[in-house]
Amino acid sequence: MTHVQAKSSKLHFPLHDSESAPEPSKGLLAKLTERLGFAPNVARTMAESPVVLESYLQLNNLFMTKSTFNSHEQNLLFLVISRENRCEYCVAAHSRNASHMKLPEGIIEAIRNNTELPDTKLNILAKTTGKLVKSRGFISNETTLQFIDAGYSKAQLLEIILAIGIKLVSNYSNHITEPDLDKAFESRKWTATDLITTQ
């Protein structure tokens, strides 16, 4: 007897809106649209699970409003983490957001290309963050001391872990759902093959 193997197809995740999304996600997408002028595709695909979308948005808001990192450092963290997780969508999105928040272009491009940052303190922040992601939190005492010596605090070392957790949700979701890049982010398109692995 011959067995015919079913043709495999990729799991499709719809781009939800305030009408098609599960009920608990509708209000969240509506609020995003009101605040940003549009609901980014990462949120629209994430809306398939209301608890995931709500948790992501709440954690993100908590980090952005309560973290002791300034806006430049917050955007740097999200950009570095997304690069290390090879999330093409989020690298593009955070490149645009970082530019909007006036993070110098030289720093943005250095992060995108994984090269040395032209700012000593921010370079230590970027390297520490990259090592935390790659090592799953097992960094050396030398790395932690360099971080503290650069002028950061022990609390901020823990806050990097919060940022990693937030981006894990969006980066991994994007790996699975593969949302198209929003027009707002297209000018900052990035692909994982652009990554320079010299560090």
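Each residue takes its place number in the sequence, starting with 1.
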Looking at [X] and [Y], would you say the former's side chain and the latter's main chain have a donor-acceptor pair under 3.5 Å?
X	Y	value
Y89	P179	no
N70	H72	yes
N174	S170	yes
H175	N85	yes
R83	I111	yes
S20	D17	yes
N41	D180	yes

Regarding [X] and [Y], does a basic nitrogen lie under 4.0 Å from an acidic carboxylate oxygen?
X	Y	result
E84	R136	no
E23	K26	yes
E109	R112	yes

Once the angle between the rings of F69 and Y152 is folded into 0 to 90°, is it parallel (under 30°), tilted (30 to 60°) or perpendicular (over 60°)?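 Correct class here is tilted.
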Residue pair [X] / [Y]: nearest heavy atoms and the distance that separates them:
X	Y	value
A192	E88	N-OE2, 2.9 Å
S67	E159	OG-OE1, 2.9 Å
I124	F147	CG2-CA, 3.8 Å
V91	L79	O-CD1, 3.5 Å
S99	I108	N-CD1, 3.5 Å
Q156	T68	CG-OG1, 3.1 Å

Rounded distance [0.5 Å steps], [atom1] in [X] versus [atom2] in [Y]:
X	Y	atom1	atom2	value
S95	E105	OG	CD	8.5 Å
N123	E116	CG	CD	4.5 Å
E48	I176	CD	CD1	12.0 Å
K127	N114	NZ	CG	9.5 Å
E73	L125	CD	CG	6.0 Å
T65	F63	OG1	CZ	10.0 Å

[Y] side chain reached by [X] side chain, heavy atoms, under 4.5 Å:
X	Y	value
K154	I148	yes
L32	L57	yes
F78	C90	no
M101	Q74	no
N97	H94	yes

Please test T128 against K131 for side chain to side chain donor-acceptor pair (under 3.5 Å), starting from the C-alpha separation and ending with a verdict. CA-CA 5 Å; T128 303; K131 289 176 180 178; over 6 Å; no
[X], [Y]: one ILVMFWY side-chain cluster at the under-4.5 Å cut-off?
X	Y	result
I81	L168	no
V52	I166	yes
F38	L28	yes
V169	L15	no
I164	L62	no

Verify the neighbour count for atom NZ of K31: are there more than 12 heavy atoms of other residues, nucleotides or ligands below 6.0 Å?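 Count not over threshold, so no.
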In sequence, state the C-alpha distance, the side-chain angles, and the governing distance for L132 and L157, and then conclude on side chain to side chain contact (heavy atoms under 4.5 Å, CB included). CA-CA 10 Å; L132 275 165; L157 189 59; 4.2 Å; yes
